[in-house]
Amino acid sequence: MLQLNHIQNNKDDVLVRLAIKHFDGTKIIDDIIAHDTDRKKTQAELDNILAKLNAVSKEIGQLMAQKKSEEAEAKKKETASLKEEAKQLEEKKSQIEKVLHDLLVRVPNLPHVSVPNGRTPEENVVVREGGEEPKLTADSKPHWELTTQYNLISFELGNKITGAGFPVYMGKGAKLQRALISFFLDKAIAAGFLEIQPPLMVNADSGYATGQLPDKDGQMYFVNEDGYYLIPTAEVPVTNIYRDVLLKEEELPVKMCAYSQCFRREAGSYGKDVRGLNRLHQFDKVEIVQLEHPDKSYATLDAMVSHVEGLLNALGLKYRILRLCGGDMSFASALTYDFEVYSAAQKKWLEVSSVSNFETFQSNRMKLRYKDKNGKINLAHTLNGSALALPRIVAALLENYQTSEEGIRIPDVLRPYTGFDWIK
RNA sequence: GGAGAGAUGGCUGAGCGGUCGAUAGCGGCGGUCUUGAAAACCGUUGAACAGCAAUGUUCCAGGGGUUCGAAUCCCUUUCUCUCCGCCA
């Protein structure tokens with residue numbers, strides 16, 4: 001959520017920046033400014049009335065104490081009209097505030113100045129590439145054939161038990177999942193992130209705080225009975241640990257990591273890139289979350305990018321890092337780097353991580369603040385990134401490490417976790 | 001699921017219709033003393049909105065009500081604790 005003062009004082013700049021995200025803010029920003037001005041005016045009027053009312057009440061109290069009950073009764077009559085006025089102003093104020101909030105919550109975050117202009121994924125900017133493309137034999141297969149051949153994953157069983165997009169992992173396929181999760185968590189912990197095991201369902205307040213609601217309503221699974229949402233990412237519960245928290249400056253940065261299953265309805269994306277592990281409704285991910293001082297958040301973003309890059313290097317995958325253009329960025333983000341790994345058998349890039357700085361967008365919604373050395377209270381910055389999401393990593397590992405005779409090789413760094421060197 | 005008790009500032013905990021944004025202790029910050037530290041002593045110490053400021057308004061779990069006036073009374077929701085039941 002953007003800060004009202006910032007909108008009031010930088011209207012033109014806000015509109016220009018929103019346009020980079022292809023969001024036409026002309027009408028809604030004017031609306032917000034008008035409502036905010038009205039809010040202030042109403043608040044001032046109400047404060048005035050209440051001040052009078054408080055003064056009269058105090059007088060009555062004093063008169064009563066002096067046993068001058070007749071004078072007190074006379075004073076009481078004075079309050080009637082004031083009370084009526086106050087009531088009306090209060091109703092007006094809460095009405096304005098409700099409208100204002102509903103408007104504010106629909107405005108996306110402003111992109112950072114370095115965000116490239118562009119509308120489609122093709123216009124994202126490649127920051128750098130790394131890793132080697134494997135040399136596969138002519139008979140190499142896509143992962144959805146390998147998983148069947150080696151009995152690692154059954155998409156059919158998932159279909160039977162639940163529906164499309166809920167695979168069943170078996171044997172070495174299941175073990176590989178656990179190995180990756182442990183490997184990613186250990187790396188995050190070694191980098192100073194505190195491991196968290198969060199709830200997999202959150203309430204609406206949490207959904208609003210990190211920006212999934214109301215923007216992504218309909219993309220999350222909803223548990224009707226209790227009004228809970230299945231988390232689309234551990235970012236939601238983990239960041240919300242610090243909802244309504246006032247930190248001391250020296251407590252920053254806060255670094256947390258979490259493994260969780262993630263649930264996404266992916267409504268509207270049927271038919272495209274959904275084969276095998278490419279797009280699932282339930283998947284595993286290790287997430288890193290960081291709360292940071294505003295002056296340091298972009299250095300921290302770079303550090304988080306390096307951390308993710310280190311994981312891909314360790315796994316020996318060919319990857320590239322993209323700076324997302326305005327049109328491809330998420331609602332809440334100010335700057336996002338996407339990581340893609342190259343799937344040699346599918347001959348395409350698969351997105352495996354997204355690392356973003358949200359600046360104060362989330363912290364403003366969730367009142368996550370810190371008190372600086374001068375006692376002044378400021379909003380902290382929030383950042384998060386996948387480190388990493390499993391399914392497409394698994395897809396790339398299976399495809400890129402396949403051989404024609406011996407089976408699929410396990411990268412060296414994972415062998416202590418899997419307990420086996422080959423999938424045969 | 002049933003029965004009872006409770007929710008107050010960073011923490012503990014008083015207040016139970018008016019001068020209460022709230023007593024006290026701990027913690028935090030500043031100071032005196034000290035070579036330094038501890039102890040002791042003194043001072044200070046919640047947040048939001050409006051305002052250059054003075055100041056005003058609001059907040060004692062959330063929402064509603066009674067009253068000239070509510071942390072205090074009533075209703076309601078949520079959560080916590082104790083006991084019973086059920087159960088991984």
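All values below come from the heavy atoms of this structure, side chains included, with hydrogens, waters and symmetry mates left out. Note that the structure is a prediction, hence the values are computed from the model and not measured. The sequence lines fix the lettering, A, B, ..., with proteins before strands; numbering per chain opens at 1.
Nucleotides B/rC84 and B/rC74 are separated by 29 Å at their P atoms, to the nearest Å. As rounded to the nearest Å, B/rC16 and B/rU80 have P atoms that lie 29 Å from one another. Comparing the P positions of B/rU76 and B/rC86 gives a spacing of 29 Å, expressed to the nearest Å. Comparing B/rA70 with B/rG21, their C1' atoms sit 14 Å apart, to the nearest whole Å. Using atom C1' as the reference point in both B/rG10 and B/rA5, the two lie 26 Å apart (nearest Å). The separation of B/rG62 from B/rU72, taken at their P atoms, amounts to 11 Å, rounded to a whole angstrom. Atom C1' of B/rG51 sits at a distance of 12 Å from the matching atom of B/rU57, rounded to the whole Å. Going from the P atom of B/rA40 to that of B/rU78 covers 47 Å, rounded to whole Å.
Using a 4.0 Å heavy-atom criterion, one finds that A/Ala44 contacts no nucleic acid atom at all. Backbone-only contact: A/Lys40 has heavy atoms under 4.0 Å from sugar-phosphate atoms and none from a base.
The CD1-P distance, from A/Ile96 to B/rC49, rounds to 17 Å in whole Å.
Judged purely by atom type and a 3.5 angstrom limit, A/Asn384 has no side-chain atom pairing as donor or acceptor with the backbone of A/Glu235.
Checked against the 6.0 Å centroid criterion, the rings of A/Phe361 and A/Phe331 qualify as a close aromatic pair. Ring pair A/Phe263/A/His281: centre-to-centre distance not below 6.0 Å. A centroid separation of 6.0 Å or more is found between the aromatic rings of A/Tyr298 and A/His381.
As the counterpart of B/rU35, no nucleotide is assigned, since no Watson-Crick or G-U wobble pattern has both distances under 3.5 Å. The pairing partner recorded for B/rG17 is none, the criterion being a Watson-Crick or G-U wobble arrangement whose two distances lie under 3.5 angstrom. The nucleotide B/rG6 finds its pairing partner in B/rC79, both defining distances of the Watson-Crick or G-U wobble pair being shorter than 3.5 Å. The nucleotide B/rG27 finds its pairing partner in B/rU45, both defining distances of the Watson-Crick or G-U wobble pair being shorter than 3.5 Å. Searching all strands for a Watson-Crick or G-U wobble partner of B/rA22 with both distances below 3.5 Å returns nothing. For B/rA54, there is no paired base (Watson-Crick or G-U wobble, both distances below 3.5 Å). Base pairing of B/rG1 is made with B/rC84, judged by Watson-Crick or G-U wobble geometry with both donor-acceptor distances under 3.5 Å. When Watson-Crick and G-U wobble pairs are counted only if both distances are under 3.5 Å, B/rU72 pairs with no nucleotide at all.
The distance from the CG atom of A/Leu176 to the CG atom of A/Leu397 is 6.5 Å, given to the nearest 0.5 Å.
Across A/Trp422 and A/Ile410, no two heavy atoms sit closer than the pair N-CG1, 4.0 Å. Across all their heavy atoms, A/Tyr169 and A/Leu277 have their closest contact at OH-CD2, 4.0 Å. When all heavy atoms of A/Leu390 and A/Gln177 are compared, the closest pair comes out as CD1-O, 3.6 Å. Counting all heavy atoms, side chain and backbone alike, A/Pro116 lies closest to A/Arg323 at CD-CD, 3.7 Å.
Checking the phosphate oxygens (OP1, OP2) of B/rG69, a side-chain nitrogen or oxygen of A/Lys83 falls inside 4.0 Å.
The environment of NZ in A/Lys187 is sparse: at most 12 heavy-atom neighbours from other residues, nucleotides or ligands sit within 6.0 Å.
The side-chain hydrogen bond (donor to acceptor under 3.5 Å, both in side chains) test with A/Gln346 singles out one residue from A/Lys141, A/Glu399, A/Arg275, and that residue is A/Glu399.
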Using a cutoff of under 3.5 Å, can you pull out all pairs of nitrogen or oxygen atoms linking the protein to nucleotides 43-48 of chain B, with atom names and distances?
residue : atom : partner  : partner atom : Å
B/rA47  : OP1  : A/Lys371 : NZ           : 2.8
B/rA47  : O3'  : A/Arg369 : NH1          : 3.4
B/rA48  : OP1  : A/Arg369 : NH1          : 3.1

Interface polar pairs with nucleotides 58-61 of chain B, N/O, under 3.5 angstrom:
residue : atom : partner : partner atom : Å
B/rU58  : OP2  : A/Asn54 : ND2          : 3.4

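Heavy-atom nearest nucleotides on RNA chain B were determined for A/Lys76 and for A/Ala51, and the one closer to the 5' end corresponds to A/Ala51. Take the nearest nucleotide of RNA chain B for A/Asp36 and for A/Lys58: the residue whose nucleotide is more 5' is A/Lys58.
When the nucleotides B/rC68, B/rU57, B/rC49 are ranked by their closest atom to the side chain of A/Arg39, B/rC49 comes out on top.
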